[in-house]
Amino acid sequence: MKSVNTILATILFITAGCTGNRQSVDALITVDVTVNYPKKELILQDFMDVEYIPLETADDFLTQCYVRDIGKEIIPVTNLNNDGDIFLFDRKTGKGLRKINRKGQGGEEYSSIVGIILDEDNGELFINSPAKKILVYDLYGNFKRSFGYAGGASYSDIFNYDRDNLICYDYSEYYNDGKDRSKSYHLIISKQDGSITREIQIPFKTIISLIVVKGDGTAAATVFPIIPYCGNWILADTSSDTVYGYAPDGNISPFIVRTPSLHDMAEVFLSMSIITDRYYFMKTIKREYDFEKMIGFPITGLICYDRQEKAIFKYTVYNDDYTDKKAVNMTLQPLNHEIASGQRLEAHRLVEDYGNGKLKGRLKEIAAGLDEESNPVVMLIKHKK
């Protein structure tokens with residue numbers, strides 16, 4: 001079987017990319033999750049722009065740097081231990097602007113942070129909390145309003161959609177494995193009260209979840225259900241063989257289809273990650289979990305579709321700001337339409353690499369001014385303009 005097949009039906013979608021206004025017609029891409037694809041090495045800077053932001057290190061701004069979102073002016077980060085601290089840093093300078101903490105049990109507080117959505121245009125932070133509730137604060141931490149999830153939903157993967165709305169995924173379907181769907185799981189909701197503005201229905205009938213149940217134990221993982229890309233969106237669901245493109249006008253089009261079908265082989269799932277003008281990065285995930293060791297859902301393959309070569313391959317991407325081969329994680333979910341990925345580089349490792357002569361360019365300059373106790377450096381992987 002050919003590793004890449006073309007379907008007669010063609011689509012107009014995001015293939016215009018971020019680098020221009022051209023439109024092109026691409027055949028629907030088919031990915032066989034059973035094929036052992038050839039290997040290929042890529043250099044990140046050949047197809048993406050890279051920006052480094054050293055975060056200011058000060059007593060009030062010591063952070064483990066979990067990058068939650070990226071704006072044009074602000075970077076909101078939290079600690080890994082979910083202590084409630086939200087640090088706002090200046091994107092251009094890395095200077096700490098303020099620290100916010102509204103953790104608590106009150107009506108204007110969050111018990112924990114599931115996600116943060118930054119809305120710079122409206123000067124607001126949306127905090128997704130475990131209590132099926134979204135709390136809204138201004139950029140100084142002052143409470144503005146809150147609203148609950150709509151109709152028994154459980155929101156994850158929430159993004160800023162437009163000035164008035166958020167786009168999100170309802171993962172309540174996960175615990176209905178094997179049942180027929182009863183509603184839409186991709187939703188556009190109001191920023192004011194959480195009401196549903198639009199339902200986006202990915203075509204499928206039976207729910208197939210990336211979930212493992214053993215006795216009283218349940219473990220679940222997910223594919224990335226929403227990926228922003230240069231003004232458009234990639235929408236996926238574990239229950240669907242097809243990944244779809246979604247345009248702002250509401251048009252939904254097939255983008256990538258997997259084979260064999262999930263109904264014939266539901267042990268391996270395909271998940272999209274970073275989408276670029278030329279490359280579509282994906283991973284395959286095995287539905288497997290060890291409850292004793294509490295580890296599972298292994299990534300069984302890192303694969304990439306090359307639009308220029310019209311071929312699929314196993315990939316490794318290297319950062320050219322290292323003199324040796326330093327691999328870059330391309331499996332993270334993109335943050336917004338401009339930023340394909342925001343990753344932290346630990347200061348102590350940068351100091352060590354600098355001392356060993358392994359850095360060059362801007363990263364070398366930054367590392368020269370760090371010590372092992374410095375805050376991490378934020379690495380932004382951006383679409384070329």
Side-chain angles (χ1 to χ4, degrees), residues 13-14 68-69 110 113-119 121-122 124-136 144-177 179-211 220-255 269 271-273 275 333-337:
F13 181 49
I14 63 168
R68 295 288 191 162
D69 205 347
Y110 46 81
I113 298 174
V114 176
I116 298 176
I117 304 91
L118 171 65
D119 180 358
D121 289 339
N122 292 315
E124 294 180 336
L125 290 171
F126 293 78
I127 310 300
N128 188 17
S129 75
K132 293 193 174 183
K133 184 178 180 181
I134 294 175
L135 300 100
V136 187
K144 297 187 69 174
R145 63 188 179 279
S146 65
F147 49 84
Y149 296 174
S154 295
Y155 294 155
S156 68
D157 301 271
I158 304 175
F159 293 89
N160 195 18
Y161 184 74
D162 59 25
R163 189 171 184 86
D164 301 314
N165 299 284
L166 304 169
I167 185 171
C168 59
Y169 178 73
D170 171 11
Y171 67 91
S172 62
E173 68 158 334
Y174 261 62
Y175 301 98
N176 292 308
D177 190 44
K179 299 180 181 179
D180 287 350
R181 73 180 300 163
S182 59
K183 58 181 180 178
S184 297
Y185 298 104
H186 290 81
L187 304 170
I188 297 175
I189 63 172
S190 166
K191 290 179 178 178
Q192 292 302 311
D193 59 12
S195 60
I196 297 174
T197 303
R198 186 186 305 166
E199 298 181 1
I200 309 169
Q201 185 151 316
I202 298 295
F204 68 87
K205 178 182 178 183
T206 304
I207 296 171
I208 304 175
S209 300
L210 191 46
I211 192 169
T222 182
V223 303
F224 293 145
I226 303 173
I227 296 176
Y229 173 70
C230 297
N232 293 281
W233 303 86
I234 304 294
L235 304 182
D237 196 290
T238 56
S239 304
S240 175
D241 290 331
T242 305
V243 178
Y244 291 85
Y246 182 75
D249 62 4
N251 182 54
I252 186 168
S253 306
F255 178 44
F269 290 72
S271 180
M272 305 298 298
S273 52
I275 306 294
Q333 188 175 36
L335 292 171
N336 55 43
H337 295 288

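In summary, of the residues considered (T222, D237, D157), a side chain to side chain donor-acceptor pair (under 3.5 Å) with Y169 occurs for D237 alone. For the side-chain contact (heavy atoms from CB on, under 4.5 Å) criterion with P334, the lone passing option out of I227, I234, I275 is I227. Just one residue in the list D119, D164, T197 forms a side chain to side chain donor-acceptor pair (under 3.5 Å) with K191, and that residue is D119.
The side-chain heavy atoms of N128 and Y110, taken from C-beta on, include no pair separated by under 4.5 Å. Looking only at side-chain heavy atoms (C-beta outward), S195 and F147 stay at 4.5 Å or farther from each other. P203 places none of its side-chain heavy atoms less than 4.5 Å from the side chain of T242. When side chains are defined from C-beta on, S129 does not count as touching I134, because their heavy atoms never get closer than 4.5 Å. Contact check for D170 versus S154: side-chain heavy atoms found under the 4.5 Å cut-off.
Separating the CG atom in N165 from the CG atom in L187 is a distance of 11.5 Å, to the nearest 0.5 Å. Rounding to the nearest 0.5 Å places OH of Y246 at 8.0 Å from CG of L235. With rounding to the nearest 0.5 Å, the separation of CD1 in I207 from OG in S182 is 6.5 Å. The distance from the CZ atom of F126 to the NZ atom of K144 is 8.0 Å, given to the nearest 0.5 Å.
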Next item on the list: I would like to know whether N336 and F159 meet side chain to side chain contact (heavy atoms under 4.5 Å, CB included); could you show each step before the answer?
Entry: CA-CA 8 Å; N336 55 43; F159 293 89; 5.8 Å; no
Item checked: side chain to side chain contact (heavy atoms under 4.5 Å, CB included) between I167 and I188, worked out -> CA-CA 4 Å; I167 185 171; I188 297 175; 4.2 Å; yes
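Across all their heavy atoms, L118 and N160 have their closest contact at O-ND2, 3.8 Å. Minimum interatomic distance between I117 and I158 (heavy atoms only, all atoms of both residues): CG1-O, 3.5 Å. Of all non-hydrogen atoms in S184 and Q201, the two that sit nearest each other are OG-OE1, 3.2 Å. Across G245 and F255, no two heavy atoms sit closer than the pair N-CB, 4.0 Å. Summarising the geometry of Y171 relative to Y155, their closest heavy-atom pair is CE2-O, 3.6 Å, with the distance given to 0.1 Å. For the pair S209 and E173, the tightest heavy-atom approach, listed with the atom from each and the gap, is OG-O, 3.8 Å.
The closest donor-acceptor contact from the side chain of T238 to the backbone of I208 lies under 3.5 Å. Under a 3.5 Å cut-off, the side chain of H337 and the backbone N or O of G231 do form a donor-acceptor pair. At distances below 3.5 Å, not a single donor-acceptor pair connects side-chain atoms of Q192 with backbone N or O atoms of R145. Judged by distance alone, with hydrogens and angles left aside, the side-chain atoms of H186 form a donor-acceptor pair with the main-chain N or O of A236 at under 3.5 Å.
Every residue was checked against the ring-ring contact (aromatic ring centres under 6.0 Å, His included) condition with Y174, not counting sequence neighbours, and none meets it. A search for salt bridge (charged side-chain N to carboxylate O under 4.0 Å, His left out) contacts involving R198 returns nothing, not counting sequence neighbours. Under the ring-ring contact (aromatic ring centres under 6.0 Å, His included) criterion, F204 pairs with no residue, sequence neighbours left out.
Within a 6.0 Å sphere centred on NZ of K179, other residues, nucleotides and ligands contribute 12 heavy atoms or fewer.
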